[in-house]
> 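Dropping the structure in here first, questions after.
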Amino acid sequence: MPREKFGTLTEPMFYILLCLREECCGTDIMGKVSDITGERVKVGPGTLYNLLEQFQKGGLICEMRSEGRRKNYIMTPRGQQTLEHEFERICQQAEDYKRLTGEEKA
Amino acid sequence: MMETRKKFYMFSEFNFREIEQELNQMEHEGWHLKSQGEFFWTFEKGEPDMYQYSTSYLPDSSEYSPEEDERREQLNGYCESAGWEKIAAVGKCNIYRNSELSAVPIETDEAERLNVINRLMEKGSLLWKKIFVVIEIVCIPILIAAAAVRGELLDAVFIRLVFYLLTFTSVNVAIIINYRSWYRASVKAVEAGLLSVDASAAGKRHMLFDYLECIPVIVFMVGEFMVPDPEKKMAIALYFLIVIMTGLHALWIRKALRYAKFSIAWNVIVTSVLSIALGIWCAVVLTGILMSRGILHAPW
């Protein structure tokens, strides 16, 4: 897709990175995202695989341990920075919404 | 004994939705996918609507990748944990099924799915088409200039050669434009919150253009077959048979090496060397027989 890579994160990207603040196995991420969001956001296994691969290539996460099929990942400082940047962007959106709708109500 | 049925399918790589629709339709008729061969897909008779099928792609894999490599194993592991059982895998495409009809889909992000499809196309078949187009565009003016210098512009062999090159170039350009049009339309659709555009028509055009690449070969065969001598006709048919057998032989070797877990590089090397060696050996033996019978004559 012609968008700046990880300039903005999609919801699945955001929640996958959020799960990887602590070391986590790929297969557990799907369940964690579902739990965190109260099943509002679901990440399919194919989407998860490709996003983890891209995050790893982009230096946002790194592989910690590997036991057969089970691979554990954790977010890197660069991933943390990307996540924080996305959080600030979302907050800014919320602030803009509050300010504009607040003005309208007043 | 379980009733089975084989079906011939040729899908273009980016036409994932038609693969899924076809498999789900077969399932609806009570035919469960059992395995996927180079040309024929095998189905087993059973209860209808027991499974739903889905595809997932590994853009960095190829037709030469080991049947079960680390990346595929990892993807299979994620899919299994979500209830998706791997049924078949050829090249970059993996096919899964799930008995839970309300299971979380394998691909939940359409933009990401489109991104993967585009990566596999750009790194795979489309890359080769682009390389061929560049080579052909460079070669055609050089050939024309060389023929003009030698005064052979109206020579039959030269005209045929230019015809082959122009046909290949046009077909390759058409394949690239066809895919890019589908991709651009899909990007727009996904950005508007829709699914990627149905690739059935673009996929069929892609396959048709691929077949059109055979036209120069067919024209060449028909042209050569016009010779009046029946023994020479037989000789041409035998050479053609060698080409087909070499191609099939390459497919079999490639498949065997994939199951033997050869790496991509070793699979490419061994398949190429063995297939070329077999082709050359058969051609040399055939030429020897034809020369001993006086059908062919040495140029010296």
Side-chain angles (χ1 to χ4, degrees), chain A residues 1-20 24-58 60-73 86, chain B residues 16 20 52-61 68-86 89 92-96 98 102-120 122 180 183-184 186-193 196:
Chain A
M1 298 292 290
R3 74 176 166 217
E4 192 194 337
K5 201 153 197 181
F6 309 130
T8 55
L9 300 180
T10 60
E11 265 195 309
M13 286 177 176
F14 181 83
Y15 285 111
I16 290 171
L17 279 182
L18 200 58
C19 290
L20 289 173
C24 186
C25 169
T27 47
D28 297 335
I29 294 173
M30 286 180 281
K32 273 194 171 184
V33 170
S34 191
D35 290 345
I36 291 170
T37 62
E39 298 206 340
R40 187 178 60 80
V41 177
K42 288 181 178 172
V43 180
T47 302
L48 174 72
Y49 174 87
N50 284 304
L51 287 179
L52 287 178
E53 194 187 38
Q54 284 185 57
F55 283 161
Q56 208 175 352
K57 278 183 186 168
L60 271 60
I61 62 168
C62 62
E63 197 181 313
M64 294 298 283
R65 279 181 298 132
S66 172
E67 295 160 11
R69 278 182 179 184
R70 286 182 70 88
K71 280 187 179 176
N72 284 20
Y73 300 93
E86 181 62 18
Chain B
F16 58 91
E20 292 172 356
Q52 59 164 322
Y53 291 83
S54 183
T55 56
S56 189
Y57 289 84
L58 284 167
D60 296 326
S61 287
E68 292 303 340
D69 64 356
E70 195 186 325
R71 284 185 290 236
R72 209 184 292 271
E73 284 279 330
Q74 198 184 352
L75 175 61
N76 291 344
Y78 293 166
C79 288
E80 274 171 25
S81 67
W84 291 92
E85 173 197 3
K86 193 203 94 179
K92 300 161 198 277
C93 179
N94 302 279
I95 296 174
Y96 298 89
N98 199 325
S102 60
V104 175
I106 291 183
E107 304 292 344
T108 47
D109 185 334
E110 191 67 8
E112 195 50 44
R113 183 176 224 189
L114 193 56
N115 185 19
V116 167
I117 296 285
N118 192 46
R119 269 167 61 207
L120 78 90
E122 292 290 351
R180 296 299 305 172
Y183 177 68
R184 273 200 296 270
S186 292
V187 168
K188 276 186 188 167
V190 171
E191 280 175 351
S196 53

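All values derive from a computational prediction rather than experimental measurement. Letters A, B, ... are given to chains in the order of the sequence lines, protein chains preceding strands, and every chain is numbered from 1.
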> Under the rule for side-chain contact (heavy atoms from CB on, under 4.5 Å), what residues qualify as partners of B/Pro59, not counting sequence neighbours?
A/Asn50, B/Val116, B/Arg119, B/Leu120

> Please report the closest heavy-atom contact between B/Leu75 and A/Gly46, naming both atoms and the distance.
CD1-CA, 4.0 Å

> Output the distance between atom CZ (B/Arg72) and atom OH (A/Tyr49), rounded to the nearest 0.5 Å.
9.5 Å

> Would you mind checking which part of B/Ser56 comes under 4.5 Å of any heavy atom in chain A, side chain (CB onward), backbone (N, CA, C, O), both or neither?
side chain

> Kindly check if the number of other-residue, nucleotide or ligand heavy atoms within 6.0 Å of CD (B/Glu122) is above 12?
yes

> Identify which part of A/Glu53 has an atom lying under 4.5 Å from any heavy atom of chain B, answering side chain, backbone, both or neither.
side chain

> Cut-off 3.5 Å, no hydrogens considered: what does the side-chain donor-acceptor table look like for residues 25-36 of chain A, sequence neighbours left out?
| unit_1 | atom_1 | unit_2 | atom_2 | d |
| --- | --- | --- | --- | --- |
| A/Asp28 | OD2 | A/Arg70 | NH2 | 3.4 |
| A/Lys32 | NZ | A/Glu22 | OE2 | 3.3 |

> Heavy-atom distance under 4.5 Å to chain A: side chain of B/Asn94, backbone, both or neither?
neither

> Sort B/Tyr96 into side chain, backbone, both or neither according to what part of it lies under 4.5 angstrom from a heavy atom of chain A.
neither

> Check whether any side-chain heavy atom of A/Gln54 lies under 4.5 Å from a side-chain heavy atom of B/Asn115, and answer yes or no.
yes

> Out of A/Thr10, A/Leu48, A/Val43, which one pairs with B/Asp109 under the side-chain contact (heavy atoms from CB on, under 4.5 Å) rule?
A/Thr10

